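Following: one structure in structure tokens, then a few remarks.
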Amino acid sequence: MSLRLLGMEGKLKESAHARKSADQARMEAERRLAEGSQEIERMNGEVQRLKEALLDLERTLSERDRRLSELDARRLSLTTAHEALERRFEALRARVPPQDGGTLDSEQARQASRDAYAELRKTLQDPDVKRDATAERAVTAAEKVLHQRQLTLARVLDAQGAYRIRPSDSLALISSRCYGDSSQWRALFEANRHVLEDPDQLMPGVTLVVP
């Protein structure tokens, strides 16, 4: 065999070997590419799963925030209602004698009676009070308020009771009725100076504290 043929045969073998190596490299590249594609597909699936989990978490957090907002609003409402009830309770206690669980003292009770008496006097100044039914009802209501305030004052003072002045009454006559002794009229007057301006001029309908 000539040297030329030997050279060509060697080149063919080298070419075949190179081609084989190239085929193996290509197959390896295709395998790695396939593996890479699978890995990318797996990662895409993982990314999608994470996205869905994130959305679920965001919805959960949003629902939690909504419920927390509702709870905060409800707590604020309850706190406001509680404070309002406490203020109302204290206001009511301030109108009740200590004997009944309140905080009303004698000066406060006397001032309340004084205010009620002033309101009665104001109502009686209506020029139509004697011929207008509405005005008459206002007078009756004012007398009732004063009566209640005087009863409360009597309770605070631990007094004997209360007496509503009738037409033609005098302090001496009231003293006689309440004590069996007309000479006690001055005690009646001193105890009711907040609603009596003159011991000789009594206003029918006004309630007196009987000490």
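Since the structure is predicted, the reported quantities are computational estimates derived from the model, not experimental observations. We number each residue from 1, following the sequence as shown.
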request  = For R177, look at atom CZ and say whether over 12 heavy atoms of other residues, nucleotides or ligands are found less than 6.0 Å away.
outcome  = yes
task = Answer yes if V209 and Y179 sit in the same cluster of Ile, Leu, Val, Met, Phe, Trp and Tyr residues linked by side chain heavy atoms under 4.5 Å apart, and no otherwise.
result = no
message = Under 4.5 Å between side-chain heavy atoms, counting indirect links through other Ile/Leu/Val/Met/Phe/Trp/Tyr residues: same cluster for L196 and L188 or not?
response = yes
task = Could you state whether V195 and L157 fall into the same hydrophobic cluster, counting links through intermediate Ile, Leu, Val, Met, Phe, Trp or Tyr residues with side-chain heavy atoms under 4.5 angstrom apart?
result = no
key: Test log, rule side-chain contact (heavy atoms from CB on, under 4.5 Å), inputs K144 and T140   = CA-CA 6 Å; K144 184 177 180 180; T140 300; 5.7 Å; no
ask   = Would R42 and E46 count as a salt bridge (charged side-chain N to carboxylate O under 4.0 Å, His left out) if you check the C-alpha gap in whole Å, the side-chain angles of each, and the deciding distance to 0.1 Å?
value = CA-CA 6 Å; R42 186 188 67 78; E46 184 68 14; 5.2 Å; no
ask   = Taking all non-hydrogen atoms of both residues, which atom of R166 and which atom of P204 are closest, and how far apart?
value = C-CB, 4.2 Å
task = Please say which of R31, R32, Q38 ends up in a side chain to side chain donor-acceptor pair (under 3.5 Å) with E35.
result = R31
task = For the residue pair Q48 and N44, confirm or rule out a side-chain donor-acceptor distance under 3.5 Å.
result = no
remark   = Scanning both residues in full, the closest heavy-atom pair of S113 with H194 reads CB-CD2, 3.6 Å
query = Honestly curious: do I174 and M203 fall in one hydrophobic cluster under the side-chain, below-4.5 Å linking rule?
reply = yes
key: For the student: nearest non-hydrogen atoms of L151 and A162, plus distance   = CD2-CB, 3.6 Å
ask   = So, do Q108 and Q111 sit near enough that their side-chain heavy atoms are less than 4.5 Å apart?
value = no
query = Has the side chain of S77 got a donor or acceptor atom that lies under 3.5 Å from a matching backbone atom of A73?
reply = no
inquiry  = Can you confirm whether R26 is buried at CZ, in the sense that more than 12 heavy atoms of other residues, nucleotides or ligands lie under 6.0 Å from that atom?
reply    = yes
task = Output yes when E52 and R49 qualify as a salt bridge under the 4.0 Å nitrogen-oxygen rule, no when they do not.
result = no
query = Counting only heavy atoms not in R67, do more than 12 sit closer than 6.0 Å to its CZ atom?
reply = no
note = When every non-hydrogen atom of A159 is compared with those of P211, the smallest separation belongs to CB-CA, 4.0 Å
Any donor-acceptor pair under 3.5 Å from T80 side chain to L76 backbone = yes
ask   = Same cluster or not: are L208 and L146 linked, directly or through other Ile, Leu, Val, Met, Phe, Trp or Tyr residues, by side-chain heavy atoms under 4.5 angstrom apart?
value = yes
task = State, to 0.1 Å, how close L202 and D198 come at their nearest heavy-atom pair, and which atoms those are.
result = CD2-O, 4.3 Å
message = For A172, is there any backbone N or O sitting under 3.5 Å from a side-chain donor or acceptor partner on S182?
response = no
query = Does the side chain of E197 reach to within under 4.5 Å of the side chain of Q201, using non-hydrogen atoms?
reply = no
query = So do L120 and E143 actually touch side chain to side chain, heavy atoms under 4.5 Å?
reply = yes
query = Residues in side chain to side chain donor-acceptor pair (under 3.5 Å) with E41, at least two apart?
reply = none
message = Please find the pair of heavy atoms, one from T207 and one from N192, that lie closest to each other, and give the distance.
response = O-OD1, 4.5 Å
query = Can you tell if the side chain of T123 reaches within under 4.5 Å of the side chain of E119, non-hydrogen atoms only?
reply = yes
